[in-house]
Chemist: 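Please find one structure pasted underneath; my questions will follow.
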Amino acid sequence: MSSQLFSPFSLGPLSLRNRIVVSPMCQCSAVEGNAMPWRRVHLGQLAQSGAGLLFIEATAVKAIGRITPGCLGLYSADNVAALRAALDDVRSFSDMPVGIQLGHAWRKASSAALGVCRT
Ligand SMILES: Cc1cc2nc3c(=O)[nH]c(=O)nc-3n(C[C@H](O)[C@H](O)[C@H](O)COP(=O)(O)O)c2cc1C
């Protein structure tokens, strides 16, 4: 019996090789919203996992909307360039489709970094 989990899935123009999706997972490792070297390690190893789709963590659309100061952002040209460079590296080793969770933490935004932050 073939498993549906490992069967291809189409979502609009997107073709996924299977139905396994890697959840967005905050890494608390950004500086001023910029992706740092850990991003390449984190996304790079997940992009080798064989999942059908990989999501980039909750990414703030405004600096003030970050969950913590270590959150990834897409609110400045520097943020765009840093994430693009990280993704270009990941892309050179994997063609796994990558999504992103855009967000704004509103009243839950924080000025304090979590103890588990990795820079
Ligand atoms: C380290 C870590 C970071 C997470 N960051 C996010 C996030 O950025 N956005 C989100 O919606 N959920 C986040 N989550 C929740 C996961 O996406 C997922 O919903 C949760 O782990 C439950 O799924 P599971 O039962 O398969 O672990 C995070 C979870 C973990 C463990």
Side-chain angles (χ1 to χ4, degrees):
M1 191 175 85
S2 65
S3 163
Q4 210 177 355
L5 181 63
F6 295 106
S7 64
F9 180 72
S10 290
L11 190 65
L14 198 59
S15 296
L16 307 184
R17 72 190 73 171
N18 59 53
R19 295 154 191 250
I20 300 171
V21 176
V22 182
S23 299
M25 284 180 277
C26 283
Q27 296 301 294
C28 206
S29 68
V31 174
E32 300 293 334
N34 294 327
M36 302 304 282
W38 173 249
R39 184 77 29 214
R40 288 167 169 76
V41 176
H42 176 69
L43 291 179
Q45 52 105 12
L46 292 171
Q48 302 294 316
S49 67
L53 178 62
L54 166 61
F55 269 95
I56 297 174
E57 71 203 60
T59 301
V61 294
K62 295 190 94 168
I64 202 171
R66 290 174 293 174
I67 302 168
T68 76
C71 285
L72 202 56
L74 270 182
Y75 50 81
S76 75
D78 281 353
N79 295 165
V80 174
L83 191 54
R84 175 173 293 151
L87 277 174
D88 283 348
D89 284 352
V90 171
R91 277 270 161 271
S92 59
F93 293 98
S94 168
D95 63 355
M96 185 181 290
V98 177
I100 188 166
Q101 182 183 42
L102 296 175
H104 189 300
W106 296 102
R107 284 178 294 169
K108 290 193 172 178
S110 170
S111 58
L114 299 176
V116 296
C117 287
R118 199 193 298 259
T119 51

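Quick note: numbers below take in every heavy atom, side chains included, and nothing from hydrogens, waters or symmetry partners. Order of appearance sets the numbers: ligands from 1, and atoms from 1 within every ligand.
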Chemist: Check each of Pro24, Cys26, Gly103 against atom 15 (C) of ligand 1 and report the one with the nearest heavy atom.
Modeler: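 Heavy atom nearest to atom 15 (C) of ligand 1 belongs to Pro24.
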Chemist: Look up atom 9 (N) of ligand 1 and tell me if a protein heavy atom lies less than 4.0 Å from it?
Modeler: yes
Chemist: What atoms of ligand 1 come within less than 4.0 Å of a heavy atom belonging to Ser23?
Modeler: 16 (C), 17 (O), 18 (C)
Chemist: Determine, counting only non-hydrogen atoms of the protein, whether one lies under 4.0 angstrom from atom 23 (O) of ligand 1.
Modeler: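 Within 4.0 Å of atom 23 (O) of ligand 1, no protein heavy atoms are found.
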Chemist: Please answer whether the main-chain N or O of Leu43 pairs with a side-chain N or O of Arg40 as donor and acceptor at a distance below 3.5 Å.
Modeler: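 No; judged by distance alone, with no hydrogens or angles, the pair does not exist.
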Chemist: So if I apply the side chain to side chain contact (heavy atoms under 4.5 Å, CB included) rule between Ser15 and each of Pro8, Ser10, Pro97, which one comes out positive?
Modeler: Ser10
Chemist: Donor-acceptor pair, distance only, cut-off 3.5 Å: does the side chain of Arg39 make one with the backbone of Leu83?
Modeler: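 Absent.
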Chemist: In this structure, are over 12 heavy atoms from other groups packed under 6.0 Å from Ile64 atom CD1?
Modeler: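 For Ile64, atom CD1 is not crowded (no more than 12 foreign heavy atoms under 6.0 Å).
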Chemist: Measuring from atom CD of Glu32 to atom CG of Asn79, what distance do you get when rounded to the nearest 0.5 angstrom?
Modeler: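 With rounding to 0.5 Å, CD (Glu32) is 9.0 Å from CG (Asn79).
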Chemist: Indicate, as side chain, backbone, both or neither, the part of Gln27 found under 4.0 angstrom from ligand 1 when only non-hydrogen atoms are considered.
Modeler: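 Neither; nothing of Gln27 gets under 4.0 Å from ligand 1.
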Chemist: Check whether any side-chain N or O of Arg91 sits under 3.5 Å from a backbone N or O of Met96 as a donor-acceptor pair, and report yes or no.
Modeler: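 Here the side-chain-to-backbone pair exists.
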Chemist: Identify the protein heavy atom lying closest to atom 30 (C) of ligand 1, giving its residue, its atom name and the separation to 0.1 Å.
Modeler: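 Answer for atom 30 (C) of ligand 1: Met25 CG, 3.9 Å.
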Chemist: Looking only at protein heavy atoms, which one is nearest to atom 11 (O) of ligand 1, and how far off is it?
Modeler: Gln101 NE2, 2.9 Å
Chemist: Look up atom 4 (C) of ligand 1 and tell me if a protein heavy atom lies less than 4.0 Å from it?
Modeler: yes
